[in-house]
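Note that the structure is predicted; figures quoted are calculated from it, not measured. Atoms considered below: every heavy atom in the structure, side chains included; atoms not considered: hydrogens, waters and symmetry mates. Chain naming here is simple, since letters A, B, ... match the order of the sequence lines and numbering starts at 1 in each.
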Protein chains: 2
Amino acid sequence: MDRRIPVADRTGQRIVAETARRSENRYGNRPTMKDVAARAGVGLKTVSRVVNGEPGVTPDTERRVQEAIDALGFRRNDSARVLRKGSTASIGLVLEDLADPFYGPLSRSVEEVARAHGALLINGSSAEDPEREQELVLALCARRVDGLVVIPAGDDHRYLEPEIKAGVATVFVDRPAGKIDADVVLSDSFGGAREGVAHLIAHGHRRIGFIGDMPRIHTAAERLRGYRAAMEDAGIPVEDAWMSLGVTDPRRVRKAAEDMLSGPAPVTAVFAGNNRVTVTVVRVIAERGRPVALVGFDDIELADLLQPGVTVVAQDAAALGRTAAERLFRQLDGSLVTPERIELPTRLITRGSGELPPAD
Amino acid sequence: MDRRIPVADRTGQRIVAETARRSENRYGNRPTMKDVAARAGVGLKTVSRVVNGEPGVTPDTERRVQEAIDALGFRRNDSARVLRKGSTASIGLVLEDLADPFYGPLSRSVEEVARAHGALLINGSSAEDPEREQELVLALCARRVDGLVVIPAGDDHRYLEPEIKAGVATVFVDRPAGKIDADVVLSDSFGGAREGVAHLIAHGHRRIGFIGDMPRIHTAAERLRGYRAAMEDAGIPVEDAWMSLGVTDPRRVRKAAEDMLSGPAPVTAVFAGNNRVTVTVVRVIAERGRPVALVGFDDIELADLLQPGVTVVAQDAAALGRTAAERLFRQLDGSLVTPERIELPTRLITRGSGELPPAD
DNA sequence: ATGAAAGCGCTAACAA
DNA sequence: TTGTTAGCGCTTTCAT
């Protein structure tokens, strides 16, 4: 008895489970091609042909299948398709923060290219955290995205080696990959910053401050390097107090700006390392009486309508995304072999703030 | 002979194909659990246990399996997993345009909620095209996303009925669903616009213009309704020339603004229906000598630093996304049954432009 | 033109 | 603790 009851129980449970699976099925309760085939009175493969628009089906059969599809509300399960075919027709984009106005257009342009190739875009924000970047990238790889566009937060991407070897197309954007050889699409941060700072120097400034992002971020380091180069070109020795790198949190930037603009020999001009920094520096300058020259890296909306307009070194976020995505699909075509480093030019847009003369 | 050669050929080809599949395999050349099992000298299920952190594996076995995983660069194929388990742990977001500063924060907040639930976010831009919206939504459904957050472009979502019936959680944001009963999270467009326009009226304006998005867009219609209500509340008859609805393309908006601000009885104030419109109207006003009062729907960056600051009716894009996503996951929990309509309040932020007196 | 059978890589259910 | 078997829903291959 003791043994027989459990056995009966188990059998009973199995039947219940079986019934549940049939009627309330995984995915809620979705019809499969098999269901459509049964309803239309045709074979499974015929349904597959109709669904995928393959030839070799008489109009009459096609109509019957289509009716069954509509009646059942059938929708092909792409998971199964992917498993069989091996391609997901989707690419992943890992960036820092979708809410940052710099990444919106970038993401959109990647999406447009993906769409042109019939692929969907899956994206994730790393929040500038290397661990989260890796976690995200690997999750995307587990989903077998065909390719990956990565704006790296970390500086070691060796964890991607098996993936790349396995055929996952990969392009890094905005910052280079760390410790692996991969395609990179960048803006000319060094050249852009150098030009922006030289512009300030040309307008008579000598005490020029630089406020940028954390030095471990490649673009921040490059822009600082550009600043230093421009100063050196002009034979101006740089003082430590003029440079401040760190998080772009408004409080940190505000303090940095206020420090530079105070004291016995304040800077007369500031070069802001990115859009977040520029916005805060504009605020700080607006609050103070004395005019301070400003050039910012990245364009910002309404910059032309401020008094004075904000002079910027603009980079083309959409072009960055488009270039990267196109390269990604060329990798997938097989038409690309050697990793390359592509650098897009920046553009100085003068609007007033960068042309102010030194206040002293 | 004639028959044997082809047969031999076919067999030969089959062997070649077989070899190719094994070595250069789909997904490039990825090891499977079977490969890992063979290498570690254990059964398939043991590998599965290790990969998924299931109990019942001795530390020693686990170590051997882990070594095989690392050596082979194995990464679980989630497509297969999804096929078996029925849940993709991913949700879809369909919005208008990721490049629009309103949608960046919204998307980011949806992503954060998804992340907290262990889900990835797949997103797509409809470009305000109903067909593209449907195409995108159905593609996401074919991928069996667990849920869908949709900012609708179209006004008929009956195509979603089979999906919802099949268990796809669905929440509409920013605009209601058309012709189906579904969860909706909105900002109070009507109330916000009414308050904004009433604010202008309170500052002495009577000839007030309204420039908004295409009337088929729910928010645009609601804001226009709010405008009309405020005018009616004040007993001001509205003239047709004061209202202009259409695409938010800068050229169209510019022309609309210039028309309203010209002629014998120009408007003395403008209510701008969304952030895109506001930006263009600010430009038009700045170019003209005469001051014009302005209140815009949606906050915009740097609005506080313009001269005068731009008074806005702000909506909280991040809260919109968060609320929607949380509701989505509550649907998936099964803790939600009846579709609801949630309306988030807006907030009037006075900065100067909305407090200007009429110029005449 | 149509269908039957095999199997993609994984997990659930069961057995040992 | 470990392994075996049977699918998940689709596409591929091959017969008919």
Side-chain angles (χ1 to χ4, degrees), chain A residues 6-7 9-11 13-18 20-22 25-27 30-38 40-62 64-65 72 74-88 142-144 166, chain B residues 6-7 10-11 13-15 17-18 20-22 25-27 30-38 40-62 64-65 72 74-88 142-144 166:
Chain A
V7 168
D9 264 349
R10 254 194 247 140
T11 310
Q13 278 173 9
R14 207 190 299 175
I15 288 166
V16 169
E18 191 75 9
R21 183 150 48 74
R22 263 294 128 228
N25 211 310
R26 48 197 71 261
Y27 307 124
R30 285 176 169 285
T32 69
M33 283 191 180
K34 196 174 161 192
D35 300 327
V36 174
V42 299
L44 180 58
K45 179 62 204 180
T46 300
V47 176
S48 174
R49 287 200 179 91
V50 171
V51 169
N52 296 302
E54 285 166 26
V57 182
T58 50
D60 183 60
T61 311
E62 174 164 359
R64 269 173 33 238
V65 171
L72 261 32
F74 168 81
R75 205 85 67 193
R76 181 181 66 197
N77 184 333
D78 276 357
S79 297
R81 171 169 231 250
V82 160
L83 181 57
R84 198 57 242 248
K85 301 201 69 148
S87 157
T88 54
R143 265 149 223 254
R144 297 295 188 267
Chain B
V7 168
R10 254 196 246 140
T11 310
Q13 277 173 11
R14 207 188 300 174
I15 288 167
E18 192 74 7
R21 182 148 49 73
R22 264 293 128 228
N25 210 311
R26 49 197 72 259
Y27 307 124
R30 285 174 169 287
T32 69
M33 283 191 180
K34 197 173 160 192
D35 299 327
V36 174
V42 299
L44 181 58
K45 180 64 201 180
T46 300
V47 176
S48 174
R49 287 200 179 91
V50 172
V51 169
N52 297 302
E54 285 167 24
V57 182
T58 50
D60 182 59
T61 311
E62 174 164 358
R64 269 177 30 240
V65 171
L72 261 33
F74 168 82
R75 204 84 66 193
R76 181 180 68 198
N77 184 335
D78 276 358
S79 296
R81 170 170 233 249
V82 159
L83 181 58
R84 196 59 242 245
K85 301 203 69 150
S87 157
T88 54
R143 267 149 220 253
R144 296 296 188 266

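- Side-chain nitrogen and oxygen atoms of B/Thr58 include at least one within less than 4.0 Å of the OP1 or OP2 phosphate oxygen of D/dT2.
- The phosphate of C/dA12 (OP1 or OP2) has a side-chain N or O of B/Lys85 nearer than 4.0 angstrom.
- For B/Arg64, the salt bridge (charged side-chain N to carboxylate O under 4.0 Å, His left out) partners two or more places apart in sequence, or in a different chain, are B/Asp60.
- Counting to the nearest Å, the P atom of C/dT2 and the NZ atom of A/Lys34 are 21 Å from each other.
- The bend of the helix from C/dA1-D/dT16 to C/dA16-D/dT1, defined by the angle between the axes of its first five and last five pairs, stands at 40° to the nearest 10°.
- Relative to the side chain of A/Thr32, the nucleotides C/dG9, C/dG7, D/dG9 differ in distance, and D/dG9 lies closest.
- For B/Glu54, the salt bridge (charged side-chain N to carboxylate O under 4.0 Å, His left out) test picks out B/Lys45, with sequence neighbours left out.
- Using a 4.5 Å heavy-atom cutoff, the side chains of B/Asp78 and B/Arg76 are in contact.
- With sequence neighbours excluded, the residues that form a side chain to side chain donor-acceptor pair (under 3.5 Å) with B/Arg81 are B/Asn52.
- Minimum heavy-atom separation, B/Val82 to B/Ser87: CG2-O, 3.7 Å.
- In this structure, CZ of B/Arg75 is placed 16 Å from P of C/dG9, rounded to the nearest angstrom.
- Here D/dC8 presents its C1' atom at 15 Å from CG of A/Asp78, a figure rounded to the nearest Å.
- In this structure, CG on B/Leu44 lies 10.0 Å from CG on B/Asp35, to the nearest 0.5 angstrom.
- At a threshold of 4.5 Å between non-hydrogen side-chain atoms, the residues A/Met33 and A/Val51 count as touching.
- Distance, A/Glu62 CD to C/dA1 C1': 13 Å, rounded to whole Å.
- What separates CZ of A/Arg84 from P of D/dC10 is a distance of 13 Å, to the nearest Å.
- In this structure, B/Arg49 has no salt bridge (charged side-chain N to carboxylate O under 4.0 Å, His left out) partners at least two apart in sequence or on a different chain.
- Taking atom CD of residue B/Glu54 and atom P of nucleotide C/dT11, one finds them 8 Å apart after rounding to whole Å.
- Look at CE on A/Met33: it is 16 Å from P on C/dA4, rounded to the nearest Å.
- Contact annotation: A/Thr61 does not reach the phosphate of C/dA1 (side-chain N/O to OP1 or OP2, under 4.0 Å).
- In this structure, CZ of B/Phe74 is placed 9 Å from C1' of C/dC10, rounded to the nearest angstrom.
- Side-chain N or O atoms of A/Arg143 include one that pairs as donor or acceptor with a backbone N or O of B/Thr88 at under 3.5 Å.
- Residues A/Arg81 and B/Pro55 both approach DNA chain D. Their nearest nucleotides, taken by heavy-atom distance, put B/Pro55 toward the 5′ side.
- Less than 4.0 Å separates DNA chain D from at least one heavy atom of each of the following residues of residues 42-53 of chain B: B/Val42, B/Gly43, B/Lys45, B/Thr46, B/Arg49.
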